[in-house]
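By convention in this document, chain letters (A, B, ...) are assigned in the order of the sequence lines, proteins followed by strands, and residues within each chain are numbered from 1. Both backbone and side-chain heavy atoms feed into the values below; hydrogens, waters and symmetry mates do not.
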Number of protein chains: 2
Amino acid sequence: MSPRNKEQFKEIRDQRQQELRRSAIQMFSQKGFASAKISDITSNAQLSHGLFYHYFASKEELYIEVIRDILYDFIDLVEQAAEFEMTALGKMEWLTEATHSGSIKEGVYRHILVLQALYSDHLNELAKREIVALYKEAVDGIGSIIKTGQQEGLFVEGDPEELATYHLSLAHGLLLWNARTEKPVQLSTDKVLRQLKKTENGGTC
Amino acid sequence: MSPRNKEQFKEIRDQRQQELRRSAIQMFSQKGFASAKISDITSNAQLSHGLFYHYFASKEELYIEVIRDILYDFIDLVEQAAEFEMTALGKMEWLTEATHSGSIKEGVYRHILVLQALYSDHLNELAKREIVALYKEAVDGIGSIIKTGQQEGLFVEGDPEELATYHLSLAHGLLLWNARTEKPVQLSTDKVLRQLKKTENGGTC
DNA sequence: GTCTATACGACGATAGAC
DNA sequence: GTCTATCGTCGTATAGAC
């Protein structure tokens, strides 16, 4: 077996892994952990169900990995926003829009998946604590942005972390609601950010 | 069989039904539809699992009834708020606190249950539409309160229904988050309502 | 109305051929 | 690496005794 072949195998393995993860996000969030069958996940990724166990030890293992993936992505997004060369308000606008970009359904599925993981008992407390910790990392990142916004004098006073929590609550709640209505309310970054901004007409007051 | 006995039987039936519904809310929301076994629901209500089918035709039937119950309760709550003799702001404050009262966990479980119902495929589209319609009824009720608040000049301008959606998104999102953190952020009705109020210091400006 | 026992199907996981 | 066939388990729903 040449090293060439070894590499090729590894590539195939990685690619299949990725396909299964993608498929799992879809299935788990649409059907929930228990109802998403292995065969749902594999057939959606166009593999046989037997092959699943060459890539993951169990259904539960895949579940937790997928949730980790989602949260890492979200943390990345926040970090990306933080590094832009713009005002805190601009960063928050960008972040708000990015959270709601792409397919609405996709965003909402990912969010529900995290919720389900936290509030069901498929996962042990240790795993749940890890998830909470990752989410908190994202909240802290947003808190930092808000803090600079306060120093710029554009944002209301108050504990930045608490304000970040309020912001995320609003953004995600809205995401959920929008995904179900026939004609979704056009997302208004303005309105989502209203609670953060000091006043609408600043110095002219 | 005397009429006296007939009545007694009916009472027992009703009571058992109620016990099963209560138990089901707990189990469904904690474990999800698929993972909540009939035996979980019955044993939690201290009945044998066989007896379940004397009260409900299937697990799915109970599921949808329970969700209806939750939404009817919520609509009642909004109507109650609307009928008070107070300003719109007072009504919204009362409603916000009522939503977060009782055990936090209980409130959050009920909310998650509705979400799960909407975003999983245990329910057919018809049932989902009914749920959305009920939820919308509650949103409309809140929208009405907001409208009077605008006429009083205390609330920001904008489509009342849209503002109601934002309010609920924030309130429920916060509920979810609070239930998972070790030391929940003390609910601040003030901050939840900030997005609705016109300015913090009104006429003195 | 309440219970226990059981039929029946579904699904996670494994074995073994290719 | 990929597939099909199969085992073992678990859970819904039913049957039938009390």
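Contact annotation: Tyr53(A) side-chain N/O to dA13(C) OP1/OP2 distance is under 4.0 Å.
Going from atom CG of Leu20(A) over to atom C1' of dG1(D) covers 13 Å, rounded to whole Å. The separation between Phe52(A) atom CZ and dA13(C) atom P is 7 Å, rounded to whole Å. Put simply, NE2 on His54(B) is 14 Å from P on dA17(D), counting in whole angstrom units. If you take CD of Glu61(A) and P of dA13(C), they are 11 Å apart, rounded to a whole angstrom. For the pair Lys59(B) NZ and dT14(D) C1', the computed distance is 17 Å after rounding to whole Å.
Interface residues of residues 32-46 of chain B facing DNA chain D, ordered by number: Ala36(B), Lys37(B), Ile38(B); criterion, heavy-atom separation under 4.0 Å. For residues 11-19 of chain B, proximity to DNA chain C is found at Ile12(B), Arg13(B), Arg16(B), defined as any non-hydrogen atom under 4.0 angstrom from a strand atom.
Listed nucleotides: dT2(D), dG1(C), dT12(D). Nearest to the side chain of Leu51(B): dG1(C).
Closest non-hydrogen pair, Glu61(B) versus Phe56(B), comes out as OE2-CD2, 3.7 Å.
The line from CD of Gln195(B) to CG of Leu196(A) is 11.0 Å long, rounded to the nearest 0.5 Å. Rounded to the nearest 0.5 angstrom, Ser29(A) OG and His111(A) NE2 are separated by 12.5 Å. To the nearest 0.5 angstrom, Ile131(B) atom CD1 is 5.0 Å from Leu123(B) atom CG.
A tilted orientation is assigned to the rings of Tyr63(B) and Phe33(B), their planes being inclined by 30° to 60°. By the 30° and 60° cut-offs, the orientation of the rings of His172(A) relative to Phe74(A) is tilted.
For the residue pair Thr189(A) / Glu97(A), a side-chain donor-acceptor distance below 3.5 Å is found, with atom types taken as modelled.
Mapping His49(A) and Tyr55(A) onto DNA chain D by nearest heavy atom places Tyr55(A) at the nucleotide closer to the 5' end.
Taking the ring centre of Phe155(B) as origin, the terminal cationic atom of Lys197(B) falls outside the region bounded by 6.0 Å and 45° from the ring axis.
When the salt bridge (Lys or Arg N to Asp or Glu O under 4.0 Å) test is applied to Asp76(B), no partner is found at least two apart in sequence or on another chain.
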